[in-house]
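Position 1 is the first residue of the sequence, and the numbers go up from there. As a basis for the values below, the full set of heavy atoms in this structure was taken, side chains included, without hydrogen atoms, waters or symmetry mates.
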Amino acid sequence: MTAELIDGKAIAASVRADVTTAAAEVSEILGRSPTLATVLVGEDPASEVYIRNKHAACAEVGIESVHRSLSADIDEGELVALVESMSVDPEIDGILVQLPLPSGLDEDRVIGAISPDKDVDGLTTSNAGLLATGRPGLVPCTPAGVIEMLDRIGFELEGAEAVVIGRSQLVGRPLVSLLLQRNATVTVCHSRTRDLAATCRRADLVIAAVGVPGLVGPDFIKPGATVIDVGINRTEDGLVGDVEFEPVAEVAGAITPVPGGVGPMTIAMLLANTVSASRPRD
Ligand code: NAD
């Protein structure tokens, strides 16, 4: 392997150290710790693990967390009422509703009940609109983590040719807005893009957020380019990304592994967003 390995775990640890300092500062001002509320509906084992990890991460940096587990057959109105009550609760700074919700529950309606200033996942249309129009707001954690990671390795975004593969609300679209804010030249690719490899080969920065194992091969990469693999795919060989890691690492200048790349940054940015949401506004 010739590419530099971008160590997401180490970068996330340094973000968490900064968040610990910020959480202590805010605790002094508020007279209590910044507080995250999580809501889990149903009994999906993967979601239960994600929630546990998020609570453990909160405890490590001095963020208080509270949790509500609800049955999959909860009435949608009751769920919305719970989220609305959290939205006006002065002791709660951030709200995270673990997705996906069980079928039959309208995710847009439930997310819409989160007050935008407590929307630490950046999923409300209000925060999406602020981001799309270049205004400050709470930004989805994974795209925010990608930018933070690039900043911390000293990648110069200004003027860089960036290709984002994927246009989801959660990752691809917010990434495009964040990259534009930083004056990168951005191309978005998706399932209908005609020549994905040729488009990616122009890029100084390739970010794959697709969910197709090994989609990005060495023929997609300009020698020396930086490759960020957001994909998380469970296969018979274990957890893999969207990038064919070994062959691409022979061409790229820098690359994130899966696991241990973008994943740890996502949780770190959730913590950062929670502390930022807890800061008293003038
Ligand atoms: P999504 O399914 O909502 O979107 C996938 C996007 O990829 C779509 O825009 C689609 O047009 C595009 N696409 C699909 N097939 C394609 C192809 N063959 N060529 C080009 N584009 C194609 O997924 P998502 O929520 O954006 O997640 C993407 C991946 O990132 C998944 O593997 C997910 O598990 C992972 N993810 C990781 C983290 C993390 O913390 N590391 C967080 C969120 C998502």
Side-chain angles (χ1 to χ4, degrees), residues 1-11 131-132 134 139-140 142-235 237-266:
M1 160 166 169
T2 53
E4 176 204 337
L5 189 72
I6 304 171
D7 184 346
K9 272 196 205 159
I11 300 171
L131 180 58
V139 174
T142 302
V146 169
I147 301 294
E148 187 69 35
M149 177 178 243
L150 290 166
D151 282 343
R152 291 195 185 222
I153 63 166
F155 185 91
E156 180 62 55
L157 283 167
E158 173 122 3
E161 185 98 35
V163 170
V164 178
I165 319 174
R167 55 176 164 180
S168 69
Q169 301 293 353
L170 190 65
V171 191
R173 275 166 210 257
L175 255 175
V176 169
S177 298
L178 290 169
L179 291 165
L180 280 176
Q181 271 176 23
R182 299 292 298 277
N183 299 318
T185 300
V186 190
T187 304
V188 198
C189 296
H190 45 76
S191 52
R192 314 282 171 86
T193 297
R194 286 214 180 98
D195 192 344
L196 192 57
T199 309
C200 290
R201 247 187 338 263
R202 293 204 311 256
D204 306 307
L205 172 64
V206 175
I207 305 175
V210 184
V212 175
L215 175 75
V216 175
D219 55 322
F220 282 49
I221 306 300
K222 178 168 81 174
T226 294
V227 180
I228 306 290
D229 191 353
V230 180
I232 297 180
N233 307 293
R234 279 166 223 287
T235 69
D237 304 328
L239 219 54
V240 300
D242 294 337
V243 176
E244 268 190 289
F245 183 81
E246 268 105 23
V248 169
E250 295 301 326
V251 186
I255 186 169
T256 57
V258 176
V262 175
M265 293 301 293
T266 297

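Shortest non-hydrogen contact noted between T193 and H190 is OG1-N, 2.8 Å. Nearest approach of P257 to I6, heavy atoms of both residues: CD-O, 3.1 Å. Residues G241 and N233 approach most closely at O-ND2, 3.0 Å, considering heavy atoms. In plain terms, the two heavy atoms of C189 and V163 that are nearest each other are SG-CG1, 3.7 Å. Residues A144 and V139 approach most closely at CB-CG1, 4.0 Å, considering heavy atoms. Here the shortest heavy-atom pairing between P218 and V251 reads CB-CG2, 3.9 Å.
Atoms CD1 and CD1, from I255 and I221 in turn, are 7.5 Å apart once rounded to the nearest 0.5 Å. Once rounded to the nearest 0.5 Å, the distance linking CD1 of I147 with CE of M265 reads 10.5 Å. To the nearest 0.5 angstrom, E148 atom CD is 12.0 Å from I153 atom CD1.
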In a table with atom names and distances, give each donor-acceptor pair under 3.5 Å that connects a side chain of residues 224-231 to protein atoms at least two apart or in another chain.
from : atom 1 : to   : atom 2 : distance (Å)
D229 : OD1    : G231 : N      : 3.2
D229 : OD1    : D242 : N      : 2.8
D229 : OD2    : D242 : N      : 3.1
D229 : OD2    : V243 : N      : 3.1

Would you list the atom pairs, donor with acceptor, under 3.5 Å between side chains in residues 171-184 and any protein atom, with sequence neighbours excluded?
from : atom 1 : to   : atom 2 : distance (Å)
R173 : NE     : R167 : O      : 2.8
R182 : NH1    : D151 : OD1    : 3.3
R182 : NH1    : D151 : OD2    : 3.0
R182 : NH2    : D151 : OD1    : 2.9

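The side-chain heavy atoms of L215 and L196, taken from C-beta on, include a pair separated by under 4.5 Å. When side chains are defined from C-beta on, V262 counts as touching T142, because their heavy atoms get closer than 4.5 Å. The shortest side-chain heavy-atom distance between L131 and P140 falls under the 4.5 Å cut-off.
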| said: V216 vs C200, test: side chain to side chain contact (heavy atoms under 4.5 Å, CB included). Steps then yes/no. | reply: CA-CA 9 Å; V216 175; C200 290; 5.8 Å; no
| said: Go through it in stages, so that I can follow the logic: the residues are V258 and F245, the test is side chain to side chain contact (heavy atoms under 4.5 Å, CB included), and I'd like the CA-CA distance, side-chain angles, deciding distance and then a yes or no. | reply: CA-CA 8 Å; V258 176; F245 183 81; over 6 Å; no
| field | L239 and R234: CA distance, side-chain angles, deciding distance, side chain to side chain contact (heavy atoms under 4.5 Å, CB included) verdict | value | CA-CA 5 Å; L239 219 54; R234 279 166 223 287; 3.6 Å; yes
| task | For side chain to side chain contact (heavy atoms under 4.5 Å, CB included), just list the numbers for L205 and L157, CA-CA rounded to whole Å, side-chain angles, deciding distance to a tenth of an Å, and then say yes or no. | result | CA-CA 9 Å; L205 172 64; L157 283 167; 3.9 Å; yes
